[in-house]
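Beneath this line is the structure, given in structure tokens, with notes to follow.
Each chain gets a letter, A, B and so on, in the order its sequence line appears, and its residues count up from 1. Here the structure is a predicted model, which means the values were calculated and not measured.
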Amino acid sequence: MPIIRAEGLSKTYRVADKQPGLLGTLRHFVARRSRDVPAVSEVSFAIEPGEIVGFLGPNGAGKTTTLKMLSGLIHPSAGTVEVAGCVPFRRQGRFLRQISLVMGQKQQLIWDLPPLDSLRVNAAVYGIEDAEAHRRIQELADMLELGDELTRPVRKLSLGERMKAELLAALLHRPAVLFLDEPTLGLDVNAQARVRRFLADINRRTGTTVLLTSHYMGDITALCPRVLLIHQGHLFFDGRLDALTERLTPCREVRLELAEPQPAAAFAPFGALESLEGRRVRLLIPQEQLTGAVARLLAMFAVLDLEVSEPPIEELIGRLFQQGVVG
Amino acid sequence: MARPAPELLRYLRTLRRFWAASLAAELEYQANFVLELLAVSANLAGSLFTLSLFYGHGHDLGGWSWDAALVVLGLYTLLDGLTTTLLQPNLSTIVTHVRTGTLDFVLLKPIDSQFWLSARTFSPWGLPGLAAGAVLVVVAAVRAGARPDALHLVAAALLLVASALILYSLWFVLAATSIWFVKVWNATEVLRSALVAGRYPVSAYPAGLRLFFTVVLPVAFLTTVPAEAILGRASPLWVVSSLLVAAVALLISRWFWGFALRFYTSASS
């Protein structure tokens, strides 16, 4: 039986319709006009206990809104949703004890105090006995490689250490479902890898169902066998990650800094021109042509700097939607 | 899963952890204690001076003797201490929670969110005010020749609780409006200034203001009514209405929070 089930889930926001400028402000003040903006439309999916599922989509696609409806923070405009046998929006104790939410840009730990103090508060809130709480903290701290960071004020911790402590705080009550919104935001590569390893670990050991959104394709490829792709509020893809990557043209992004500016047409033979600003060029080149193309670029132009990288997920998905491969 | 502790016990344990944690955080700044002590002394001295001006030329304030008026001032100092200890630090945090979105974490905890937001922090810096207020009330009551019987003392205790609850509810409702107007901090400052009116017996004010301070902004119930009880002259009508006002204010604050949350959870993104 699925632990998360969403059917026809929709959310419409009412936003103020305000013209810019002083006149617009005055008009808005006198006669307020608003319009409905759909953030999520008719999204349906089911997730089985123990799955790790990645939420993908460009900014503003409706990922966070969906996550918030699943965790009971916002009320769906239409459709039904059930998590761990409860209706999230009622936020009953039985439901809240089974879920947890981690947000990359927000923190629940008390800034001026060591994480341990916040953890004790959480233990009391969830009614966990002291000895048991101590044991769980020890166990999670070992998995997260956290030691005396737990007794140092949060403000003195690095971003990576802070996120690890946030994860500890979120998992103290052993939730059945863990929601993560951009958990690796701003972390360096090592810290990102550690967070991913931990999430995979906790999922394997405790069977916690994990649902995460991320900008970093790395998070998704390392963790999520299954992805949900959301664009403009609609669910466009629900399936295995490898099925999705097959649809995405495998490309690499090549950034060049040239000695002399060149016309856009000069790059047409190499691949798709992403941007051209003076002497700085960004190209998307199909992976199988990469070595040849780079060699030719270096031969044809006076190149000061060259960098090859995986294009950001936003761009891949953006291209995907432009090409209309899905949807 | 561990057997869940009985609800009340869980809330009490949580409260202990809340306050232990905030004490730990506050005590990092010892200089605050000295500053707060100075501030309380200066405030009290100022009020005493102003009050003495009224009594200087053989006048009195709305029929209250000097010592009786000091009981009112003592109660005001007590409530001000309570404000510094609990209301101000907790309820100003609501604004921060709304602005930074960390209210989400509070809402996802299996505990009453109004309880969390109202009791989360404990600032020891209001304790000097609480102590000074309590001492002033007792000394002034004795000097005023008050001989309250047991019944009056019980009434006074109830009325003190009622006045604290009224003050809390007013403050909480105002802080909860931050869900719509993120910058309400000024509004709570206005409230705090209006409550300064509670330094003096409400009968000292002109009839119109007296009505305002009883019906609209229930300042009368905050200090004057409990002071009457301590001085052994509370009328049952006032005691009952004070308790009623407190109960209604508390219910309104709870209802209003529910209303604000429904708005928050349907409109925020």
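- Contact count versus chain B (heavy atoms, under 4.5 Å) is highest, among A:Asn122, A:Asp117, A:Leu113, A:Leu101, for A:Leu113.
- For A:Gln107, the part lying under 4.5 angstrom from a heavy atom of chain B is the backbone only.
- With a 6.0 Å radius and a threshold of 12 heavy atoms from other residues, nucleotides or ligands, B:Phe115 has its CZ atom above the threshold.
- The two residues A:Ile128 and B:Arg13 have their closest heavy-atom pair at O-NH2, 3.2 Å.
- A:Arg91 contributes atom CZ, which lies 6.0 Å from atom CG of B:Leu261 (distance to the nearest 0.5 angstrom).
- Atom CD of A:Gln105 and atom OG1 of B:Thr102 lie 12.0 Å apart (nearest 0.5 Å).
- Among all heavy-atom pairs drawn from B:Arg17 and A:Asp130, the shortest one is NH2-OD1, 3.2 Å.
- The nearest pair of heavy atoms linking A:Met103 to B:Phe105 is CE-CZ, 3.7 Å.
- Annotation for B:Trp116 and A:Val125: closest pair CZ3-CG2, 3.7 Å, computed over non-hydrogen atoms.
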Verify side-chain contact (heavy atoms from CB on, under 4.5 Å) between B:Lys109 and A:Val121, making sure each step is shown before the conclusion.
CA-CA 11 Å; B:Lys109 293 279 186 292; A:Val121 167; over 6 Å; no

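- Rounding to the nearest 0.5 angstrom, the gap separating the CG atom in B:Leu108 from the CZ atom in A:Phe95 is 7.5 Å.
- Most heavy-atom pairs under 4.5 Å with chain A: of the set B:Leu15, B:Leu107, B:Ile111, this distinction falls to B:Leu107.
- Looking at A:Arg120, the atoms closer than 4.5 Å to chain B (heavy atoms on both sides) sit in the backbone and in the side chain alike.
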